[in-house]
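The figures here come from the full heavy-atom set of this structure, side chains too, leaving out hydrogens, waters and symmetry mates. Order of appearance sets the numbers: ligands from 1, and atoms from 1 within every ligand.
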Amino acid sequence: MEIITAVRGFKDILPQESGKWQYIECIAREIFTNFGFREIRVPILEKTDLFRRSIGESTDIVEKEMYTFLDRGNEYLTLRPEATASVVRAYLEHALYANDTVTKLFTMGPMFRRERPQKGRFRQFHQINVEFIGVDDPRCDAEVILMLMQFLKRVGLSDLRLHINSLGCTKCRPLFRQTLTDYLRGKEEGLCKDCQRRIGMNPLRVFDCKMTNCIELIERAPKILDFLCPDCGSHFAKVGESLETFDISFEINPKMVRGLDYYTKTAFEVVTEHLGAQNAVAGGGRYDGLVKDLGGPDVPGIGFAIGCERLISISPINDKEWLLPPRLFIVSLGEDAQKLAFTICNRLRISGIETEMDYSGKSLKSQMKRADKLNSHYALMLGEREIMEGKAELRDMKRGTQETLGLENLEREIIKIIRGS
Ligand code: HAM
């Protein structure tokens with residue numbers, strides 16, 4: 001019978017990889033907590049309208065990538081394609097703004113987008129997501145970027161480039177949008193079908209197009225930075241100044257518009273050359289209108305998300321370093337030895353020593369082979385003769401040395417030696 005495989009674009013994280021995942025999650029928790037962020041866990045399934053209203057009807061995500069279905073209760077539900085909308089929904093639903101004017105949250109977990117799977121692009125992928133809600137000061141923009149760059153540095157990534165842009169606000173963006181529309185009108189023939197449609201609906205999306213003709217046309221298009229109102233212009237300049245305070249180098253990329261419609265003012269992306277076409281490891285920006293658009297008070301926000309699969313695929317740390325070997329493997333031969341092995345193995349585990357044992361009763365050689373394969377530091381050998389003589393052999397597999405221990409205080413002796421090594 002054929003086995004049932006995972007859904008296309010959905011990936012298992014195998015035991016030999018999960019150590020890396022735990023490591024990056026642990027570093028994220030540590031750094032984000034130091035910066036005053038607290039974890040929030042939100043559901044994977046939300047009402048479809050939440051994403052339509054926040055991410056935007058005419059984005060690729062909402063138009064063609066969401067996993068949406070009609071639930072048995074006759075309601076449209078969607079597997080979350082990103083976390084910001086859900087975090088803001090929870091922020092409003094639980095009136096978190098009533099506790100404090102500043103809310104700093106992070107969350108981690110799977111997201112779902114039905115894109116064409118390719119290198120660095122999956123249909124289920126994971127994000128580490130940060131939201132800083134309640135302050136519109138440009139220093140906060142720099143602060144979240146600083147935290148992001150600090151995290152990326154801690155997990156060993158270098159060779160990264162930070163791109164920043166400003167997407168303006170409701171005061172200045174309409175004029176830019178109109179000017180861009182005027183520029184694109186009359187050039188429809190040179191644009192792909194999607195971009196032709198985008199002109200009327202959401203012309204900024206043309207900046208995101210990967211088709212050569214569209215890229216060439218957009219190269220000469222008007223740039224949003226030339227249209228910023230004084231408020232957005234000064235905000236953007238101050239973000240740059242604050243980044244310089246921390247020696248964070250950045251490139252201003254006036255063509256970067258991001259794929260979600262809720263952004264205002266600062267937008268940023270961290271890109272690398274090691275990922276091919278899917279070159280963004282992280283992306284984010286300010287969303288000063290989102291909380292209000294979702295029915296809440298007029299509260300600004302900024303945040304980012306890191307793509308975990310992409311991050312892990314370029315992390316320089318060797319896979320071997322993440323495999324945590326057991327400290328001790330117990331080799332046992334004969335019934336009495338196996339009984340003792342079972343007791344000691346579990347007692348040592350309870351005492352905090354990672355221990356493995358053999359349950360097969362196979363030959364000494366085959367059990368030692370398994371201890372070696374697991375990369376165990378020590379092997380405890382319990383044979384029939386040893387048990388009769390009231391002793392056991394402890395082998396240091398790394399150093400190749402061996403010592404004889406008495407059975408009376410075996411557990412204590414082992415703990416002492418292992419803890420001391
Ligand atoms: P985003 O740019 O759509 O932003 O996604 C952030 C990161 O998720 C990307 O830079 C990338 O590393 C990863 N990513 C996105 N799609 C895929 C995919 N199909 N396969 C693998 N990785 C992927 C957001 O999602 C915003 N919610 C970020 C944000 C938070 N903005 C403000 N707060």
Is it the case that the side chains of [Y] and [X] hold a donor-acceptor pair, with the cut-off being a distance below 3.5 Å and no angle test?
{"X": "Q367", "Y": "R370", "value": "no"}
{"X": "Y359", "Y": "Q338", "value": "no"}
{"X": "D141", "Y": "H235", "value": "yes"}

Closest candidate by heavy atom, reference [atom], pool [options]:
{"atom": "atom 33 (N) of ligand 1", "options": "E131, Q118, R123", "answer": "E131"}
{"atom": "atom 4 (O) of ligand 1", "options": "E82, R114, R258", "answer": "R258"}
{"atom": "atom 13 (C) of ligand 1", "options": "G307, G301, G259", "answer": "G307"}

Please classify the [X] to ligand 1 contact at 4.0 Å (heavy-atom distances, strictly less than): side chain, backbone, both or neither.
{"X": "P81", "value": "neither"}
{"X": "Y262", "value": "side chain"}
{"X": "L311", "value": "neither"}

Taking [atom] as the reference point, the nearest protein heavy atom with its distance:
{"atom": "atom 11 (C) of ligand 1", "value": "R310 NH1, 3.4 Å"}
{"atom": "atom 30 (C) of ligand 1", "value": "T84 OG1, 3.0 Å"}
{"atom": "atom 6 (C) of ligand 1", "value": "Q127 NE2, 3.3 Å"}
{"atom": "atom 31 (N) of ligand 1", "value": "Y263 OH, 2.6 Å"}
{"atom": "atom 20 (N) of ligand 1", "value": "F122 N, 3.0 Å"}
{"atom": "atom 14 (N) of ligand 1", "value": "F125 CE1, 3.5 Å"}
{"atom": "atom 9 (C) of ligand 1", "value": "A280 O, 4.0 Å"}
{"atom": "atom 19 (N) of ligand 1", "value": "E115 OE2, 2.7 Å"}

Report yes if some heavy atom in the side chain of D159 is under 4.5 Å from a heavy atom in the side chain of E273; otherwise report no.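 The answer is no, as the side chains (C-beta and beyond) never meet within the 4.5 Å cut-off.
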
So is there a nitrogen or oxygen of [X] less than 3.5 Å from a nitrogen or oxygen in ligand 1?
{"X": "R121", "value": "no"}
{"X": "V281", "value": "yes"}
{"X": "I61", "value": "no"}

Would you say K398 has more than 12 foreign heavy atoms packed within less than 6.0 Å of its NZ?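 Yes, the 6.0 Å shell around NZ holds more than 12 heavy atoms from other groups.
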
NZ/NE/NH1/NH2 to OD/OE distance under 4.0 Å, [X] and [Y]:
{"X": "E354", "Y": "R327", "value": "no"}
{"X": "E65", "Y": "R114", "value": "no"}
{"X": "E411", "Y": "R347", "value": "yes"}

Start with the C-alpha distance between I164 and N253, add both sets of side-chain angles, then the distance that settles side-chain contact (heavy atoms from CB on, under 4.5 Å), and finish with yes or no. CA-CA 6 Å; I164 65 170; N253 178 357; over 6 Å; no

Which of the atoms in ligand 1, numbered in the order shown and given with their element, are less than 4.0 Å from a heavy-atom of [X]?
{"X": "G284", "result": "31 (N)"}
{"X": "N129", "result": "30 (C)"}
{"X": "G120", "result": "20 (N), 21 (C), 22 (N)"}

Ring center gap for F106 and F32 short of 6.0 angstrom: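 Ring centroids of F106 and F32 are less than 6.0 Å from each other.
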
State yes or no: are the ring centers of Y97 and Y91 separated by less than 6.0 Å?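 Yes: the rings meet the under 6.0 Å criterion.
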
Any heavy atom of E309 closer to ligand 1 than 4.0 angstrom?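 Not so, E309 does not reach ligand 1.
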
Identify the residue among R89, R53, R80, R52 that makes a salt bridge (charged side-chain N to carboxylate O under 4.0 Å, His left out) with E46.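 Checked R89, R53, R80, R52 against E46; only one passes salt bridge (charged side-chain N to carboxylate O under 4.0 Å, His left out): R89.
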
For Q196 and L191, work out which heavy atoms get closest and say how close.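 Closest pair (atom of Q196, atom of L191, distance): NE2-O, 3.1 Å.
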
